[in-house]
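As structure tokens, the structure follows; a few thoughts come after it.
For reference, positions follow the sequence shown, starting with 1.
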Amino acid sequence: MPIEQHQRAARAGSRSALLRIATAGSVDDGKSTLVGRLLHDSRSLLSDQLQAVADASRRTGRAAPDLALLTDGLRAEREQGITIDVAYRYFSTARRRFILADTPGHVQYTRNMVTGASTAELAVVLVDARNGVVQQTRRHAAIAALLRVPHLVLAVNKMDLVDCAEPVFAAIAAEFSGYAASLGIPEVTAVPLSALEGDNVVEPSARMDWYGGPTLLEHLESVPVGGDPASDPVRLPVQYVIRPQSGEHRDYRGYAGQLASGVLRTGDRVTVLPSGWITAVAGIDVLGQETGIAHAPQSVTVRLAHELDISRGDLIAAGTTPRPSREVAATVSHLNERPLRVGERVLLKHTTRTVRAVVQDIPYLIDIDTLARADHPGLLRVNDIGRVVLRTAEPLMLDPYAVNRRTGSFLLIDPADGTTLTAGMVGEPF
């Protein structure tokens, strides 16, 4: 789609679904440059932003604006020419709105990549066409599979440095797709491009006329977002109990929260967990207005047919309901510099519920490069990914992460100072 057409439709306000994207890849594969090119060529930048990049580029001795500076905002990032922290960028086109997380490529910043990709619906893994699939490429593909990111794009960058040769692209795409299949990733979309020159990022490349697929932006605009909420079981973690007790709303009792999944209708039969009470939905309020239906991820207030003892952290569920349990077996990514050890006491935060827990066992550590397992390491260090067994003081209502990313994930927190230690995903890793 020509740029002018993007602009005309954007001015008309024709924007629909939101797509969350994460970029990944090895060091110097061009992630930040690609993000900058995407923002620049889709006309998603203001004039003062472009001027700031031009000025910063001149100060570092570059003749042309360095588009990577649009995301590498930390002083250390600009001085070293690397990405350290996750940089989030918001932009939109005529067809879709986007939240993009530009994640680091260095091994020591694996935890940052996990953070950026944890909510992504699509991951773009970059490869330098000169180097092909390297260790970090496999690592980031494995993390995308671990986090169950629904869509994966292989962006073969710097094609201009290999004379835009089709055989180079085909060989890289075949090798990567084979590795992705071994991780359980069903489909990979491969795009040859040059982020520096702009080939196949927003506009098709005349130098790669052998490529008949979509540009990167065209694919981002057309990839399906989410599934059918009606096919998912209802999960409503209770965040707050609303009881105005005013003259106008003397008998009002509502349970507020964000629908994690599913579609909820007035009259639906629901189960309140962990108590197991069964009741019906008497009414649904959205933004202060009564409605007969709500769907994820709307924030709602639900009124029930019976007066029950329900508080923050309880779960209102319909369809197949999870069984409350105090045993948690999960794959985790350790995020803190302080190791996580067997026997350690932590707080476990799951949706709106926080309970005390103890680390009973760390059965194995996963080598994310080879997927080999090291049995019973005794502890997890920063950036480690492994298997953990926890025992909680109170029952939790957990779904498998592969089924529901919202109700299948949790955080482990240091009870002493409240810092986040570990991110967990219920179930098997791949």
Side-chain angles (χ1 to χ4, degrees), residues 14-21 95-99 118-123 147-152 184-187 219-240 254-306 308 310 313-324 350-353 396-410 425-427:
S14 175
R15 296 184 177 93
S16 54
L18 172 69
L19 177 65
R20 295 178 181 271
I21 311 164
R95 299 177 62 185
R96 182 164 281 174
R97 295 172 294 120
F98 303 92
I99 299 177
S118 61
T119 59
E121 296 164 284
L122 182 144
L147 295 171
R148 302 300 201 277
V149 180
H151 304 284
L152 190 62
I185 300 172
E187 184 179 358
H219 179 68
L220 296 181
E221 288 183 320
S222 60
V223 68
V225 176
D228 179 11
S231 64
D232 298 326
V234 171
R235 298 289 186 266
L236 176 62
V238 176
Q239 182 174 2
Y240 190 69
Y255 306 99
Q258 184 183 40
L259 269 173
S261 63
V263 175
L264 191 62
R265 297 175 176 83
T266 300
D268 280 356
R269 179 175 170 173
V270 295
T271 303
V272 179
L273 298 170
S275 65
W277 289 106
I278 297 175
T279 184
V281 176
I284 303 172
D285 298 325
V286 177
L287 297 176
Q289 301 294 321
E290 186 169 1
T291 181
I293 185 171
H295 57 81
Q298 283 183 304
S299 294
V300 302
T301 300
V302 173
R303 288 171 280 122
L304 300 177
H306 299 88
L308 302 174
I310 300 173
D314 288 353
L315 182 72
I316 298 174
T320 303
T321 58
R323 183 170 59 88
H350 172 250
T351 62
T352 59
R353 191 177 186 87
L396 293 173
M397 293 68 68
L398 298 155
D399 287 303
Y401 184 79
V403 175
N404 193 317
R405 293 173 81 188
R406 285 284 306 279
T407 56
S409 59
F410 61 86
M425 295 146 282
V426 179

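- Residue L398 holds its CG atom at 13.0 Å from CE of M425, rounded to the nearest 0.5 Å.
- Put simply, the residue from V300, V272, V281 that forms a side chain to side chain contact (heavy atoms under 4.5 Å, CB included) with L236 is V300.
- Q289 places no side-chain N or O within donor-acceptor distance of the main-chain N or O of V286, the cut-off being under 3.5 Å.
- One finds the CG atom of D314 at 10.0 Å from the OG1 atom of T351 (value rounded to the nearest 0.5 Å).
- Of all the heavy atoms in A120 and P150, the pair that sits closest is O-CD, 3.8 Å.
- Side chain of T291 to main chain of I284: no donor-acceptor pair is present (N/O by atom type, distance under 3.5 Å, no hydrogens or angles).
- Atoms CG and CD1, from L308 and I278 in turn, are 11.0 Å apart once rounded to the nearest 0.5 Å.
- Across A318 and P233, no two heavy atoms sit closer than the pair O-CB, 3.5 Å.
- Taking OG1 from T320 and CG from D232, the interatomic distance works out to 11.0 Å, rounded to the nearest 0.5 Å.
- Here the shortest heavy-atom pairing between A317 and L273 reads CB-CD1, 4.4 Å.
- Taking R148 as the reference, Y401, A402 meet the side-chain contact (heavy atoms from CB on, under 4.5 Å) condition, with sequence neighbours excluded.
- A donor-acceptor pair under 3.5 Å is absent between the side-chain atoms of R353 and the main chain of P237, judged by distance alone.
- Remark: side-chain polar atoms of E121 are not paired, donor with acceptor, to backbone N or O of L19 under 3.5 angstrom.
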message: One pair to check against side chain to side chain contact (heavy atoms under 4.5 Å, CB included): I293 and Q298. What are the steps and the verdict?
response: CA-CA 10 Å; I293 185 171; Q298 283 183 304; over 6 Å; no

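- In this structure, V234 and V270 have side chains that are not in contact, with every pair of non-hydrogen atoms separated by 4.5 Å or more.
- Here the CZ-CG distance, from R235 to D399, works out to 4.0 Å after rounding to the nearest 0.5 Å.
- Using a distance-only test at 3.5 Å, with no hydrogens or angles considered, no donor-acceptor pair links the side chain of R405 to the main chain of V149.
- At a threshold of 4.5 Å between non-hydrogen side-chain atoms, the residues V225 and L18 do not count as touching.
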field: Full working for side chain to side chain contact (heavy atoms under 4.5 Å, CB included) between S222 and R95
entry: CA-CA 8 Å; S222 60; R95 299 177 62 185; 4.0 Å; yes

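- Closest approach of L259 and R406 over heavy atoms only: O-NH1, 4.3 Å.
- T352 has its side chain out of reach of Y240: every pair of non-hydrogen atoms, C-beta onward, lies at least 4.5 Å apart.
- Here the closest heavy-atom approach between residue A296 and residue S261 is recorded as CB-CA, 3.5 Å.
- Annotation: side chain to side chain donor-acceptor pair (under 3.5 Å) contacts involving residues 266-287, sequence neighbours excluded, comprise Y252-D285, T279-H306, D285-R303.
- Counting only distance, with no hydrogens or angles, the side chain of H151 and the backbone of L220 share no donor-acceptor pair below 3.5 Å.
- Under the 4.5 Å side-chain criterion, counting only non-hydrogen atoms from C-beta, T407 is in contact with H350.
- Contact of the I310 side chain with the L304 side chain is registered, since non-hydrogen atoms from C-beta on lie closer than 4.5 Å.
- In terms of heavy-atom proximity, R96 sits nearest to A17 at CG-O, 3.0 Å.
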